[in-house]
Protein chains: 2
Amino acid sequence: MIEYPLLLEKFQTLLKENALKFTKQRELVLKFLYENNGHFTPEDIYTLLKEQHPDVNIGIATVYRTLALLETSEIASSISFGVQGKKYELGLKKHHDHLICTKCGNIIEFYDEIIEERQEEIAKKFNFQMTDHTMKITGLCEKCQ
Amino acid sequence: MIEYPLLLEKFQTLLKENALKFTKQRELVLKFLYENNGHFTPEDIYTLLKEQHPDVNIGIATVYRTLALLETSEIASSISFGVQGKKYELGLKKHHDHLICTKCGNIIEFYDEIIEERQEEIAKKFNFQMTDHTMKITGLCEKCQ
DNA sequence: GTATATGCAAAGCGTTTGCAAATAC
DNA sequence: GTATTTGCAAACGCTTTGCATATAC
């Protein structure tokens, strides 16, 4: 896993390159994702940040804006839950897919080389230029059965 | 592919079994999905039905309610597009996954036995009781590259 | 000093719901 | 006749946006 100072530097370089400013709020969101390994809604992040940093003023709009920025910069990634919104995680890890428990909401990550290969082959077969792919397995986790 | 009268009968039986009523609106939605092979948003279906049947009064709430009914009855299925909502299709076909063009919105269906098998194995490995799984490959279709 | 970023509140959008009227059975 | 379904409009929840103020540079 990348060290935080390196991640921060990467983020700052990216901001500079795009003439964007390095702000307390942007750093807080980045740091939050780094320190809290897991999947969070914008609302989660907003609430926890306000709790953990009562001194810093942060609005939910900024959390949304920062997450969008981090996602297009490929520093964060998200999984969609339909009407219920999205959950974000630090996106620097190796590509992976998700098992999602419909009862407790827990998310398990996995990576499968064979599936990855098949996806490439399928895209090729349809002359499709793949830019992304997601796979979600939903059901009941071990604890919830 | 199933013949329409058979599908209709299946639907009517299902309604009867659950003490639900067979209405013009419900039939129209079913027929729409049968006749229009493809993937449609509730809005699409609502608009096209109003156009094609100016004599019948139908509200968008009824379209939503009927699609939900068809989906839980496994007559229709949906793919989620995050904030942009869901698209529905007749769900009686064999299970399949989707290639989605981010430019023209076109959706290609595919089925891959190896991927299906791997999914089963992954669920087993995590002691996960799989109830559903979806896979989406996004990118550019042949025409849009 | 200037341009960008922010918080706030209002608006947006797909979806759901309460309710009185309409309809299937 | 009675229970379910409907259309309508209002409410909903997540997300985005306009704008005046604050802040990074």
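Reminder, nothing fancy here: chain letters follow the sequence lines and each chain counts from 1.
The distance from atom CZ of F81(B) to atom P of dC14(D) is 22 Å, rounded to the nearest whole Å. One interatomic measurement links the two molecules: CG of L69(B) to C1' of dT6(D), which rounds to 14 Å at whole-angstrom precision. Counting to the nearest Å, the P atom of dC25(C) and the CG atom of L20(B) are 10 Å from each other. Atom CG in L67(A) sits roughly 14 Å away from atom C1' in dT16(D) (whole-Å rounding). Nucleotide dG14(C) holds its C1' atom 19 Å from the CZ atom of F40(B), rounded to whole Å. One atom, CG of L49(A), and another, P of dT6(C), lie 13 Å apart when rounded to the nearest Å. Protein atom NZ of K24(B) is 10 Å distant from nucleotide atom P of dT6(D), rounded to whole Å. Following rounding to the nearest Å, L15(A) (CG) and dT4(C) (P) show an atom-to-atom distance of 13 Å.
Across the interface with DNA chain D, nearest-nucleotide mapping of T23(A) and V56(B) shows V56(B) to be the residue nearer the 5′ end. Map G85(B) and K21(B) each onto its nearest nucleotide of DNA chain C; the residue landing nearer the 5' end is G85(B).
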Nucleotides 18-20 of chain C: which of its N/O atoms have a protein N/O under 3.5 Å away?
none

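For Y64(A) and dT16(D), the shortest distance from a side-chain N or O to OP1 or OP2 is not below 4.0 Å. Contact annotation: R26(A) reaches the phosphate of dT6(C) (side-chain N/O to OP1 or OP2, under 4.0 Å). Between Q25(A) and the phosphate of dG7(C), there is a side-chain N or O to OP1/OP2 separation shorter than 4.0 Å. When the side-chain nitrogen and oxygen atoms of T41(B) are compared with OP1 and OP2 of dG14(C), none of them lie within a distance under 4.0 Å.
If you check the side chains of Y111(A) and E109(A), you find no donor sitting under 3.5 Å from an acceptor.
Within the 4.0 angstrom heavy-atom criterion, no nucleotide atom of any strand lies near I60(B). Within 4.0 Å of E43(A), counting heavy atoms only, lies no atom of the nucleic acid at all.
H96(A) and H39(A) have perpendicular rings, their planes meeting at more than 60° on a 0 to 90° scale where under 30° would count as parallel. Using the six-membered ring where Trp is involved, F126(A) and F110(B) have ring planes that are tilted, between 30° and 60° apart. Aromatic ring orientation, F32(B) versus F40(B): perpendicular (interplanar angle above 60°, classes split at 30° and 60°).
A cation-pi geometry, defined here as NZ or CZ lying under 6.0 Å from the six-membered ring centre and within 45° of its normal, does not hold between K31(A) and F11(A).
Cluster annotation: L28(B) is connected to L15(B) through the hydrophobic network of ILVMFWY side chains, with a link wherever side-chain heavy atoms come within less than 4.5 Å.
The pair E121(A)-R118(A) meets the salt-bridge criterion, since a charged nitrogen lies less than 4.0 angstrom from a carboxylate oxygen.
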